[in-house]
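Heavy atoms only: backbone and side chains are in, while hydrogens, waters and symmetry mates are out.
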Amino acid sequence: MPLTSAEARQSGTVHGCPRRHVCHSLRPDLRYTKGFCRAVTTPASNSASASRRSHTFAAKQSVAGTPVITAAVNRSQADLLTADSTSVGAENMCSEQITLGQPLICMSTALTAETNYAAGVASLKAAAKDVAIRYQHYSSGVVRLEIVPVASQNNVSSASVAMSDSCTIAKGLDRPAVAARTGKASKRQAIIDAATGVLLPRQSSAPGTAGAAAAEAATAGVGAVAGAGAAWLWHGRSGQPLSSETVQEMSSFLSPDHPRLRVLGGTRFNTSQPPHPEWAGFGSYCFMLPRLEMLEVSGCTMLSCNIAWHAQAAHTDSQHTSWQAHVAESQDNCDSSRGFSSVQDAVAHAVAALDGVKAPAVPAAPALQVNRHSVAHTPDQEGWSRLMQPLHDALATSVIHTDRLPQFNQVEPDIARAEYEVNGQEGLDQLLAALDGGFEGAGTALLEEPSALTKVVLARRSNVKFSGKLDPLALLHALQERDPRSYQIYLQLPDGTCFLGSTPEQLYVRSGSHVASEAVAATRPRGPAGDVEKDFWYALDLLRSPKDHVEFTLVRDFVRDALLEVCSQVKLDTEKSVLKQAAVQHLYGRLSGTLKSSAHDAQLLAALHPTPAVCGRPRGAAKDVLASREIFDRGFYSGPFGWLSGSAAEFVVAIRSALIHADPEVPLGSLQTRHSSSSQATGNGSNNISSSGSVKGNGSATAAAMHTISLYAGVGIVKGSTPETEWQELELKARQFQLLLQPVPPLPASPNVNLLSARALVEELCRLGLNTFAIAPGSRSSALTLAVAMHPRARVMTCIDERSLGFWAVGHARATGLPAAVITSSGTAVANLLPAVVEASQSNIPMLLITADRPCEMRDTGANQTIDQVKIFGDTRAGPLMCLRLTMWSLSEAC
């Protein structure tokens with residue numbers, strides 16, 4: 001690490017930093033030249049004399065919240081030596097020629113935390129303007145400005161709020177681009193306004209290993225990221241693969257000294273395949289160094305502004321009026337890299353973008369206000385069966401030996417269930433691995449014809465027609481709420497077209513030379529909430545299935561062989577386990593390795609993508625099958641999506657995803673009023689079918705605002721697959737979107753006043769961000785329970801013991817800072833919450849109780865359940881407890 005100014009003064013030493021990278025601890029006594037930065041002991045008089053030399057430009061300006069920096073740009077190494085007679089360690093200087101494409105400087109500056117977002121944005125704007133002055137003589141550079149807009153002032157974890165901020169701040173971040181697309185924007189400006197990207201990390205249930213921990217070291221403490229606009233953009237033309245040269249150019253804008261400086265984006269599943277019209281705007285790949293970025297770091301959110309420029313940046317002076325115009329021209333342009341040619345231009349656009357930043361909205365989880373009209377599958381179920389038959393015949397030519405499959409049947413189910421209930425999935429894994437042969441006995445699937453097609457992954461597209469308002473970021477937030485164990489990905493173009501998904505699968509993660517990947521295959525549903533036994537039987541059935549074991553080992557063996565191409569050694573950390581998501585569970589294996597010194601991320605991506613989990617095996621034969629049999633364009637579905645930094649990277653497989661279509665003529669920010677694009681391809685004949693459960697809206701609403709969202713899901717086909725089971729698996733994988741997009745009955749349609757008032761209460765709580773409900777079932781509170789069950793964004797925890805449920809709610813509030821709404825029946829059921837209420841009151845933890853009650857004339861009639869609940873816990877108006885009573889007819893006042 002570079003020495004601070006104080007350390008330099010005390011030690012009198014010089015510390016040389018890597019070429020091109022300016023230390024993050026910039027101080028007035030730091031001097032740096034082209035490609036070199038060092039800290040020296042420099043008397044003030046010498047600094048002043050050096051700044052007056054004719055061959056040196058010095059810029060010094062004080063900015064509120066930033067250190068004062070003296071920037072010396074010297075003409076030569078000799079000039080520096082003559083400029084300061086006290087300078088030592090000149091032999092450590094790097095005078096090598098800067099290669100084309102490498103920025104001369106790369107630096108990060110952390111500003112002092114502010115008390116509100118407005119003050120934070122103002123500090124960023126002042127610092128950005130200062131960059132234009134300090135580095136006006138640099139022909140290229142990358143500068144990152146960071147600030148924590150609001151300093152933490154409480155002891156409650158802010159991780160959950162930070163997760164919400166990454167979505168809500170993006171709504172403010174993408175607004176500045178709107179003004180730039182009014183017809184007056186230059187081509188260059190339209191290009192760099194590129195996209196909005198979000199990546200939310202998963203909370204994996206997979207067992208931890210030493211190899212995975214080493215590979216994930218760079219991701220420790222860093223969570224969700226949301227970026228808007230591009231300080232620099234890499235956008236591949238049709239048929240252009242993501243080459244090593246492009247990845248290396250991205251890396252030249254990054255630095256190991258500044259790990260939070262990252263490039264975000266993804267690629268098509270098949271970059272060599274020309275895109276269909278609905279995917280044309282994304283290019284063959286789309287990566288950006290975000291201009292504005294919101295990052296979750298150690299439980300708080302950091303707002304950043306990246307400024308990048310290069311004198312040889314590709315641009316012209318012609319006018320652009322739309323993103324489509326840029327896309328059309330890029331097909332004839334070999335240069336996929338776009339950015340600013342001067343620091344003045346880069347700063348001007350950064351300041352304009354900061355002018356449009358809005359503070360994150362209060363976290364909210366209202367129901368998505370959409371009215372679904374129809375669903376068309378490509379192919380439909382009949383077409384899927386016809387498509388599967390010839391594939392079954394082709395796969396049957398390769399016989400897979402199953403004599404080495406694990407003999408799981410020898411374990412007593414009751415013993416396995418007891419182990420699972422006590423020690424969870426890890427205990428079950430250890431029990432099964434201890435069998436004769438265990439997982440190691442499973443070995444590698446043996447094939448009579450190793451070169452024959454053994455697996456192919458077919459996908460299905462479902463076009464959902466809907467009317468109403470659909471905020472893509474709200475949908476992303478809802479997906480994250482429903483399944484925090486998955487990665488949430490998001491990429492929105494300036495025209496409003498949006499790709500988003502909720503994927504469980506990591507392609508690889510790298511920290512330095514340590515790399516890890518995973519094998520994910522086969523699917524079973526999860527048991528109902530709280531039903532541990534049923535969840536166990538699903539998991540055990542998955543582990544014991546010969547067909548699923550074959551599918552899994554094909555993927556695991558491929559990942560191992562792919563890593564061996566770029567790693568000096570590979571270790572199988574987890575032989576076989578179960579990865580549990582919110583609604584499904586998969587077979588899972590973990591592998592880690594040490595990257596060869598000559599290998600880089602482009603080689604890792606080429607080796608691992610596409611895996612048999614999304615394509616098939618052998619890769620070439622499977623891709624040929626998909627090209628001939630899938631009549632729609634996958635686009636970014638099942639492609640790599642992630643980030644790169646100077647010394648680390650993480651990519652996921654973009655499955656369980658969707659494409660929200662948008663009319664390119666409608667400005668960004670009015671997605672709810674766009675008509676569905678006429679370029680959507682839905683196939684013909686039996687490849688389309690309207691679901692019988694579609695909700696029909698009135699004709700005028702349909703004609704006025706009809707939109708389309710395409711849902712993508714795939715399933716692996718091996719010997720033993722059946723069309724019926726694979727179709728069911730497709731439905732299961734698309735279920736997370738279908739549930740969120742299902743229409744919610746209007747409040748006036750409620751059958752009685754009890755359900756009406758309960759639904760209004762639940763919706764209002766969700767709008768306020770309180771969408772976690774802890775329910776102890778009872779007949780008196782059935783209206784409340786039903787209202788929660790009807791809300792698509794409500795999260796539910798059930799328990800028949802009110803005392804235990806109350807303490808669960810206390811723990812939830814302690815961890816998140818937000819209360820869970822506790823719903824109980826009346827009388828002594830409420831009294832059982834007293835211990836939890838006492839703890840919440842004494843610990844100043846928020847708590848919300850919603851209890852059922854009888855009308856006044858039916859209270860205090862001698863039964864336990866009729867006791868008066870008014871102020872049952874005393875006068876709590878001044879404390880953190882809020883208690884609501886729902887009578888048969890209306891909601892009572894707070895007690």
Which atom names give the shortest non-hydrogen contact between [X] and [Y], and what distance separates them?
X	Y	result
Pro472	Leu500	O-CD1, 3.8 Å
Ala649	Asp601	CB-OD1, 3.4 Å
Thr378	Phe632	O-CE2, 3.4 Å
Thr523	Leu732	CG2-CD2, 4.0 Å
Phe651	Gly265	CE2-O, 4.4 Å
Met288	Gly197	CE-N, 3.3 Å

Is there side-chain contact between [X] and [Y], with heavy atoms separated by less than 4.5 Å?
X	Y	answer
Val715	Val457	no
Asp541	Arg524	yes
Val555	Pro612	yes
Val559	Ser517	yes
Val225	Val198	no
Ser486	Thr503	no
His609	Phe269	yes

[X] side-chain N/O to [Y] backbone N/O, donor-acceptor pair under 3.5 Å:
X	Y	result
Thr725	Thr722	yes
Thr574	Lys576	no
Gln585	Lys580	no
Ser385	Gln381	yes
Ser511	Ala218	yes
Ser284	Thr271	no
Arg560	Val570	no
His276	Glu278	no

How many angstroms lie between [atom1] in [X] and [atom2] in [Y], if you round to the nearest 0.5 Å?
X	Y	atom1	atom2	result
Ser502	Ile489	OG	CD1	8.5 Å
Thr594	His514	OG1	NE2	6.0 Å
Leu475	Ile709	CG	CD1	5.5 Å
Leu458	Ile717	CG	CD1	4.0 Å
Glu382	Leu387	CD	CG	12.5 Å
Gln506	Leu579	CD	CG	10.5 Å

If you count every heavy atom of other residues, nucleotides or ligands that lies below 6.0 Å from Arg735 atom CZ, does the total exceed 12? no
So for atom NZ, which belongs to Lys534, do other residues, nucleotides or ligands contribute more than 12 heavy atoms lying within a distance under 6.0 Å? no
Flag the pair Phe287 / Trp643 as yes when their ring centroid distance falls below 6.0 Å, and as no otherwise. no
Can the ring centroids of His377 and Trp727 be said to lie less than 6.0 angstrom from one another? yes
Could I get the full list of side-chain contact (heavy atoms from CB on, under 4.5 Å) partners for [X], not counting sequence neighbours?
X	answer
Glu533	Arg417, Glu421, Asp531, Trp537
Leu572	Arg556, Glu575, Leu591
Ser243	Glu245, Thr246

For the pair Phe499 and Phe636, name the ring-plane relationship: parallel under 30°, tilted 30 to 60°, perpendicular over 60°. perpendicular
May I ask you to decide if the ring planes of Tyr637 and Tyr712 are parallel, tilted or perpendicular, using 30° and 60° as cut-offs? parallel
Asn463-Thr708 side chain donor-acceptor pair, cut-off 3.5 Å: no
Does a donor on one side chain and an acceptor on the other come within less than 3.5 Å for Gln492 and Tyr490? yes
Could you tell me whether [X] and [Y] have a side-chain N and a carboxylate O separated by less than 4.0 Å?
X	Y	result
Arg202	Glu518	yes
Arg510	Glu650	no
Glu630	Lys623	no
Asp483	Arg656	no
Arg629	Asp624	no

By the definition side-chain hydrogen bond (donor to acceptor under 3.5 Å, both in side chains), identify the one residue from Glu729, Glu726, Lys455, Glu551 that meets it with Ser721. Glu726
Determine whether Arg460 and Glu731 satisfy the following criterion, salt bridge (charged side-chain N to carboxylate O under 4.0 Å, His left out), listing intermediate values before the conclusion. CA-CA 10 Å; Arg460 184 189 74 181; Glu731 291 289 299; 2.7 Å; yes
